[in-house]
Asker: 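Following this message is one structure expressed as structure tokens.
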Amino acid sequence: MQNVKGIGLRIVCCLALLGLGVLASAGSEARAQGAAVLANTDCVKCHAQQPKEIEANGAAHKTQIGCQDCHTGHRPSSPNNIPQCSMCHDGQEHFKLQGCTGCHNPHSPLQIVLKGDLKAPCLTCHDTQNAQLEANPSKHTTFACNFCHAERHGVIPECVQCHKPHSEQMTQGDCGKCHQAHQPLVVTYGADTPNASCGACHTTAFQLLAASKYKHRDVTCVTCHQDKHKTVPQCSDCHGLPHAEGIHKKFPKCGDCHNIAHDLNK
């Protein structure tokens, strides 16, 4: 009889333990299910600043992903819930750089803050500008990118912040007509460039031409000095060989008789 009671007691204990195990398992499953259904709105209950940043300037981090796509766990159960940017961003030279958060806040990723002297990181994206700087060396080539593009990504400064205009009449809008910031010494200009723009630098030639009594006075600088700065044409490009062959043999240089193009002797 005692053996039967002992066996019965053991069965009861086993059933009780089994029941606790089932309850524990159910609790674990419930907790797992609870973690799975967390929404961004749950994160907001504790984290106020980051959701505000996402809402204001989240870009694709707002429209294409949620908090848990990056923060796959939470402390203390997850020892480090701050992901590496390379978890999603790869396949480009720029994404190989270290220290992403030095420029990017992941909750406003396109509001890029530039600190220190930056050049190599910028050129992993802006390769066209780098090619121009390297192919056409100037003082601009020696500067850090954020010397001009200061403090915040996308800032395009005015040339006149550093450079004095060639004349009092010139404004910022005139600079780009001849100069490009990443190859400033490659001077190009359109066919509609007025003589006054050229005269801002070439004062003597401009004044001589303006005072001339002859037809060159009515010709724009860019008619003769076409396409590229410092182009010096031959008189024969326009005039051919207007005199008798003997005269051209005796005086092979037009300037021997006609002086210079900006101050002609008829």
Side-chain angles (χ1 to χ4, degrees), residues 31-159 161-163 172 176 179-184:
R31 286 192 294 274
Q33 289 176 348
V37 296
L38 284 175
N40 289 352
T41 51
D42 295 312
C43 304
V44 175
K45 295 173 184 177
C46 292
H47 303 282
Q49 177 184 345
Q50 294 84 353
K52 286 181 180 178
E53 293 173 344
I54 287 280
E55 182 62 30
N57 297 297
H61 287 191
K62 172 185 175 181
T63 59
Q64 297 182 23
I65 61 175
C67 303
Q68 293 173 85
D69 290 309
C70 291
H71 305 285
T72 55
H74 200 292
R75 297 171 184 172
S77 60
S78 179
N80 183 8
N81 63 339
I82 307 299
Q84 295 294 314
C85 300
S86 57
M87 183 174 76
C88 295
H89 299 279
D90 62 9
Q92 295 184 25
E93 195 67 25
H94 189 72
F95 298 147
K96 297 178 183 179
L97 297 172
Q98 300 298 312
C100 305
T101 54
C103 292
H104 300 274
N105 174 351
H107 302 110
S108 3
L110 300 184
Q111 301 296 305
I112 303 171
V113 178
L114 307 176
K115 297 179 180 178
D117 290 336
L118 299 175
K119 191 167 188 179
C122 307
L123 299 181
T124 57
C125 287
H126 301 285
D127 49 0
T128 299
Q129 291 81 354
N130 183 43
Q132 292 176 339
L133 288 165
E134 294 298 328
N136 304 282
S138 69
K139 189 174 287 187
H140 286 193
T141 308
T142 66
F143 293 154
C145 297
N146 58 325
F147 178 85
C148 293
H149 306 285
E151 297 177 5
R152 182 170 54 84
H153 186 257
V155 169
I156 299 177
E158 291 192 345
C159 306
Q161 289 178 219
C162 293
H163 301 281
Q172 170 61 28
H179 301 279
Q180 298 180 53
H182 301 103
Q183 46 185 17

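As the structure is a computational prediction, the values presented were derived from the model and not from experiment. Position 1 is the first residue of the sequence, and the numbers go up from there.
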Asker: Would the distance check show the side chain of His182 and the main-chain N or O of Leu133 forming a donor-acceptor pair, the cut-off being under 3.5 Å?
Answerer: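 The answer is no, because no donor-acceptor pair under 3.5 Å joins these two groups.
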
Asker: Of all heavy-atom pairs between Thr141 and Glu134, which one has the smallest distance, and what is that distance?
Answerer: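 Of all heavy-atom pairs spanning Thr141 and Glu134, the closest is CG2-OE2, 4.2 Å.
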
Asker: So how far is it from Ile54 CD1 to Cys67 SG, rounded to the nearest 0.5 Å?
Answerer: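 Rounded to the nearest 0.5 Å, the CD1-SG separation comes to 7.0 Å.
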
Asker: So do the side chains of Asp69 and Met87 get within less than 4.5 Å of each other, counting heavy atoms only?
Answerer: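 In short, these two side chains do not touch, never coming nearer than 4.5 Å.
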
Asker: Quick one: closest heavy-atom pair of Lys45 and Thr41, and the distance?
Answerer: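 Looks like CG-O, 3.6 Å.
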
Asker: By ring pair (Phe, Tyr, Trp, His ring centres under 6.0 Å), which residues pair with His153, not counting sequence neighbours?
Answerer: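 Applying ring pair (Phe, Tyr, Trp, His ring centres under 6.0 Å) to His153 gives His126.
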
Asker: Pairs in or reaching into residues 54-64: which pass side-chain hydrogen bond (donor to acceptor under 3.5 Å, both in side chains), with residues at least two apart or in two chains?
Answerer: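 Every side-chain hydrogen bond (donor to acceptor under 3.5 Å, both in side chains) pair that includes a residue of residues 54-64, provided the two are not neighbours, is Glu55-Lys62.
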
Asker: How far does CD of Gln129 sit from CG of Asp127, to the nearest 0.5 angstrom?
Answerer: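 If we round to the nearest 0.5 Å, Gln129:CD and Asp127:CG are 7.5 Å apart.
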
Asker: Using atom types as modelled, flag every donor-acceptor pair under 3.5 Å from a side chain in residues 104-111 to any protein atom, sequence neighbours excluded.
Answerer:
unit_1: His104; atom_1: ND1; unit_2: Pro109; atom_2: O; d: 2.9
unit_1: Asn105; atom_1: OD1; unit_2: His107; atom_2: N; d: 2.9
unit_1: Asn105; atom_1: ND2; unit_2: Glu53; atom_2: OE1; d: 3.2

Asker: Counting only heavy atoms from other residues, nucleotides and ligands, does the tally under 6.0 Å from CD of Glu151 exceed 12?
Answerer: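 No, because the 6.0 Å sphere around CD of Glu151 holds 12 heavy atoms or fewer from other groups.
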
Asker: Looking only at heavy atoms, which two atoms of Ile65 and Cys70 are closest? And how far apart?
Answerer: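 Distance-wise, the nearest heavy atoms are CD1-SG, 3.8 Å.
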
Asker: Please list, chain by chain and in numerical order, all residues satisfying side-chain hydrogen bond (donor to acceptor under 3.5 Å, both in side chains) with Gln180, sequence neighbours excluded.
Answerer: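 Gln180 satisfies side-chain hydrogen bond (donor to acceptor under 3.5 Å, both in side chains) with Gln183 only.
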
Asker: Going by the rule ring pair (Phe, Tyr, Trp, His ring centres under 6.0 Å), which residues pair with His179 if we only count those two or more places apart in sequence or in a different chain?
Answerer: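 Scan of His179 (ring pair (Phe, Tyr, Trp, His ring centres under 6.0 Å), adjacent residues dropped) gives His166.
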
Asker: What are the two closest non-hydrogen atoms of His74 and Ser77, and how far apart are they?
Answerer: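 Closest heavy-atom pair between His74 and Ser77: O-OG, 2.9 Å.
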
Asker: Atom SG of Cys122 and atom CG of Leu114: how far apart are they, to the nearest 0.5 Å?
Answerer: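 One finds 6.0 Å between SG of Cys122 and CG of Leu114.
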
Asker: Mind checking side-chain hydrogen bond (donor to acceptor under 3.5 Å, both in side chains) for Ser78 and listing every partner two or more places apart, or none if nothing turns up?
Answerer: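 Scan of Ser78 (side-chain hydrogen bond (donor to acceptor under 3.5 Å, both in side chains), adjacent residues dropped) gives none.
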
Asker: Say you draw a straight line from NE2 of His71 to NE2 of His47; how long is it, rounded to the nearest 0.5 Å?
Answerer: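 Going from the NE2 atom of His71 to the NE2 atom of His47 covers 8.0 Å.
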
Asker: For Ile156, does the CD1 atom have more than 12 heavy-atom neighbours from other residues, nucleotides or ligands under 6.0 Å away?
Answerer: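 Check fails, neighbour count at 12 or below.
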
Asker: Could you pull out all residues at least two apart from His94 that satisfy side-chain hydrogen bond (donor to acceptor under 3.5 Å, both in side chains)?
Answerer: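 In terms of side-chain hydrogen bond (donor to acceptor under 3.5 Å, both in side chains), with neighbours along the sequence ignored, His94 is linked to Thr124.
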
Asker: For His163, enumerate each residue passing the ring pair (Phe, Tyr, Trp, His ring centres under 6.0 Å) test, keeping only those at least two apart in sequence or located in another chain.
Answerer: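 Testing His163 for ring pair (Phe, Tyr, Trp, His ring centres under 6.0 Å), a comparison that skips the adjacent residues, returns His140.
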
Asker: Taking Cys159's backbone N and O only, do any of them form a donor-acceptor pair with Gln172's side chain (distance below 3.5 Å, no angle check)?
Answerer: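 Yes: the side chain of Gln172 pairs with the backbone of Cys159.
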
Asker: Which residues satisfy the side-chain hydrogen bond (donor to acceptor under 3.5 Å, both in side chains) test with Glu158, sequence neighbours excluded?
Answerer: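 Residues passing side-chain hydrogen bond (donor to acceptor under 3.5 Å, both in side chains) with Glu158: none at all.
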
Asker: Sequence neighbours left out, what passes side chain to side chain contact (heavy atoms under 4.5 Å, CB included) with Phe147? Give chain and number order.
Answerer: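 Residues passing side chain to side chain contact (heavy atoms under 4.5 Å, CB included) with Phe147: Phe143.
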
Asker: How would you list all residue pairs meeting salt bridge (Lys or Arg N to Asp or Glu O under 4.0 Å) that involve residues 115-124, not counting sequence neighbours?
Answerer: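 Qualifying pairs: none.
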
Asker: Hey, could you give me the CG/SG distance between Leu118 and Cys145, rounded to the nearest 0.5 Å?
Answerer: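 Going from CG on Leu118 over to SG on Cys145, the span is 8.0 Å.
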
Asker: Would you sort out whether Gln92 and Leu97 count as a side chain to side chain contact (heavy atoms under 4.5 Å, CB included), showing the intermediate values?
Answerer: CA-CA 10 Å; Gln92 295 184 25; Leu97 297 172; over 6 Å; no

Asker: Provide the full list of salt bridge (Lys or Arg N to Asp or Glu O under 4.0 Å) pairs with a residue in residues 84-97, sequence neighbours left out, each pair given once.
Answerer: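 Sorted pair list: Glu93-Lys96.
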
